[in-house]
There are 2 protein chains.
Amino acid sequence: MKKATRRSTTIRDVASAAGVSVGTVSRSLNAPDSVRPATLVKVRTAIEALGFQPDSRAQIMRRRHTMTIGFVVDDIGNPLHATTFKAVSAVMRERGFSPYLVNTEGGAENEAAAIDMLQHGRADGVIMTINSEKDAGTLKRLEQLRIPSVLLDRDIPLDIDAVLTDHAVGMQQATSYLIGLGHRRIALITGGSDIRPGRERIRGFVEAFRQRDLEVPTDLIRAQSLSADYGFREASNLLQREKPTAIIAAGNRILVGVLRVIQQNKLSIPGDLSLIACDQTDLALLYPGPITLIDRNIEEIGRTAAHLLLERLGSADDKPAQRISLPTRLILGGSCAPVPA
Amino acid sequence: MKKATRRSTTIRDVASAAGVSVGTVSRSLNAPDSVRPATLVKVRTAIEALGFQPDSRAQIMRRRHTMTIGFVVDDIGNPLHATTFKAVSAVMRERGFSPYLVNTEGGAENEAAAIDMLQHGRADGVIMTINSEKDAGTLKRLEQLRIPSVLLDRDIPLDIDAVLTDHAVGMQQATSYLIGLGHRRIALITGGSDIRPGRERIRGFVEAFRQRDLEVPTDLIRAQSLSADYGFREASNLLQREKPTAIIAAGNRILVGVLRVIQQNKLSIPGDLSLIACDQTDLALLYPGPITLIDRNIEEIGRTAAHLLLERLGSADDKPAQRISLPTRLILGGSCAPVPA
DNA sequence: GACTGTTTTCGAAACGTTTCCAAACATAGT
DNA sequence: ACTATGTTTGGAAACGTTTCGAAAACAGTC
């Protein structure tokens, strides 16, 4: 019993089965209007009979586009990224693109691999959050990127479209709010200053104190990683040693870590400690009561990025990159109280 | 000033620049050992000089595999899916595959599109959660799927590898536990019985009552959707009308909805109501205190699926499909109390 | 029925690789 | 110097489409 070699049926098989040329089959598929109805049915029945499906590898090879776009992200476990991706997907799908997502785990080499993978024709465009803003290899790759791309909340010295969040203003407002409630020992835990959100948040934090001519509690600033573990570690340290009266957990994973500490120490919010978070996550909305937070419209970020990409996808000419900055807003929850007199 | 037509440099350009044949260039790239060191450097400098990068479209067209695998999921906003994907990615990357994710939003047509997209050579294999277990079109597509695939927690009458969770036993244990605490009016909110998890959970729930010869509170079973909104709606209804003494929120999105109700009605857990959740999410672990839950090892599910896929990817012969079922375990938190006498 | 103009079809080239076969070359053994 | 053996290389075919120019078929008009 010989093993069937399962060579899938090609357009040529269809052509000979239908008694037409391959060109005609191709046109029946891609421009049915250009073929006589009678031949169309011949071709269609042949296709049906043979169960023919065009090989998209070959199609991609010929037509120079794939109608897919890539979404590159460092950690899809972060619900923000998931939401952004969904918003991007909704817009792109409407325009006939299939979006797919690549998770890099933050490693520079994985980011490089992801970019390379998309680089050559695997996608028509990319939307991405790159963690290694400073990594030379990554920068070089981005520079040579020959497909349209949009950067999310990252700031690199290259001519690439970007959608940014105005973290500085947001953080400045939140900090001011706490200062207004009488807090001075305010701690800030956020991501590393090597990427934009960290930098900007620190800037806003500092600014809020400066505006009122108060001394900036630089000893209470912890900015290294956006992970839950980091949040846990730093919150533990801070509470043990520095006794802040308020903590700003700037990063939704960080919030998880901070809440873990709060729970362990059985602290009451806002009785023992005022707390401000970033972004509406399930946790921020539900933890005993809603937490006061610096919110932003994640869907809008995604949609904006998608539109930026579509624009670039549409026109081949190299117009200069756009960077669009979107605002945040402070949503008051129940997690902040005046500092006891 | 004429617009440079930007035809990217091909292997042929490199060949003539280096004064060798295209075949040699190709081999320099793919099997450097088979080419004389002297020619190798000629080729390499030419590649460097021209900034040549092989067109992966063409490569994919020739070699018949892409070294990528697809991960298809209905809602990447669900942290479980994200975790699974990360576990899958870790394993697959180790073996040289690039995994990417496609989000279908649950729509049958999107699922179909995703499968089609992968179907022809866009990926060497797929791991997926299909929502339309009963959708004829989807089933047919799966049946004709010509690439190795693994199903997650779904049960369809086709010969496809699958990794399942033993929801029935898990639910039976949880329900028994509540019964043991004296609860009788136990509500179950979970996904539709049209997909496996819903079916199995109901089965386990019912089983627990039957075992003790108790009447099954069928009026308290709500099984239609895994969404947060559904959880919210049904929990509201149940609490208003049926006054259960315990609720099992089986589905992490459902839990979000249920907690919203609990918060709104200022219910105390477990004082006013006992609560059991599924899967360790941030919320389940942190909401005021840890919630008692039916847990499972998500990473292991991902890893298992990845290994199953690798196995199939490795051997071309059609061995019968495997289905591997993984257990759950009950983790006691602080959200259940004996029913007041 | 010849002429024109339009629609439809054919056949071949092209896309950029990889891979196969045979030719060229080098190395060593006699 | 010649053959036998092994290593490198060149050239062309192949992968399965799309597309393009030219040929063929058709329809309408005089």
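Chain A is the first sequence line, chain B the second, and so forth, proteins listed ahead of strands; every chain is numbered from 1.
Side-chain proximity of B:Ala58 to C:dT18, D:dT18, C:dG16: nearest is C:dG16. For A:Arg12, counting side-chain heavy atoms from C-beta on, the closest listed nucleotide (D:dG16, C:dG16, D:dG10) is D:dG16. Considering only the side chain of A:Val22, C:dA12 comes nearest among D:dG16, C:dA12, C:dT17. Listed nucleotides: C:dT9, C:dT18, D:dC15. Nearest to the side chain of B:Asn30: C:dT18. Out of D:dT19, C:dG16, C:dC10, the shortest distance to the side chain of A:Arg62 is found at D:dT19. Listed nucleotides C:dT9, C:dG16, C:dT18 differ in distance to A:Arg27; the shortest reach to its side chain belongs to C:dT9. Proximity note for B:Phe52 (side chain, C-beta onward) versus C:dC10, D:dT18, C:dT17: the nearest is C:dT17.
Applying the 4.0 Å criterion to OP1 and OP2 of C:dT18, one finds that B:Gln59 has a side-chain N or O inside that range. An OP1 or OP2 oxygen of D:dC15 is reached within less than 4.0 angstrom by no side-chain nitrogen or oxygen of A:Arg57. Between B:Thr39 and D:dT9 there is a side-chain polar atom (N or O) within less than 4.0 angstrom of OP1 or OP2. At D:dG10, one or more side-chain N or O atoms of B:Thr24 fall inside 4.0 Å of OP1 or OP2 (strictly under the cut-off). A:Thr10 has no side-chain polar atom (N or O) that falls below the 4.0 Å cut-off from OP1 or OP2 of D:dG16. Between B:Arg36 and the phosphate of D:dT9, there is a side-chain N or O to OP1/OP2 separation shorter than 4.0 Å.
If you take CD of A:Gln53 and P of D:dG16, they are 15 Å apart, rounded to a whole angstrom. We find that CG of B:Leu40 is positioned 11 Å from P of D:dT8, with the value rounded to whole Å. Separating the CE atom of A:Met61 from the P atom of D:dA14 is a distance of 17 Å, rounded to the nearest angstrom. Per the geometry, CD1 belonging to B:Ile11 stands 12 Å off C1' belonging to C:dT19, to the nearest Å. Atoms CG (A:Asp55) and C1' (C:dT17) sit 14 Å apart, rounded to a whole Å. Atom NZ in A:Lys42 sits roughly 13 Å away from atom C1' in C:dC10 (whole-Å rounding). We find that CD1 of B:Ile60 is positioned 15 Å from P of D:dG16, with the value rounded to whole Å. Rounded to an integer number of Å, the gap from CG of B:Leu29 to P of C:dT17 is 9 Å.
At a threshold of 4.0 Å, the pair B:Lys319-B:Asp159 does not count as salt-bridged, since none of the basic side-chain nitrogens sits closer than that to a carboxylate oxygen. Taking a cutoff of 4.0 Å between a charged side-chain nitrogen and a carboxylate oxygen, B:Asp55 and A:Arg64 qualify as a salt bridge. With respect to the salt-bridge test (charged N to carboxylate O, under 4.0 angstrom), the residues B:Asp116 and B:Arg141 qualify.
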Kindly determine whether B:Asp161 and B:Arg323 satisfy salt bridge (charged side-chain N to carboxylate O under 4.0 Å, His left out), including the steps that lead there. CA-CA 6 Å; B:Asp161 286 337; B:Arg323 14 188 73 207; over 6 Å; no
Could you check A:Ile130 against A:Leu152 for side chain to side chain contact (heavy atoms under 4.5 Å, CB included), going step by step and ending with a plain yes or no?
CA-CA 8 Å; A:Ile130 285 303; A:Leu152 290 180; over 6 Å; no
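Projected onto DNA chain D by closest heavy-atom contact, B:Asp33 and A:Gly23 fall at different nucleotides, the more 5' of which corresponds to B:Asp33.
The only option from B:Val102, B:Leu142, B:Asp74 that meets the side chain to side chain contact (heavy atoms under 4.5 Å, CB included) definition with B:Met128 turns out to be B:Leu142.
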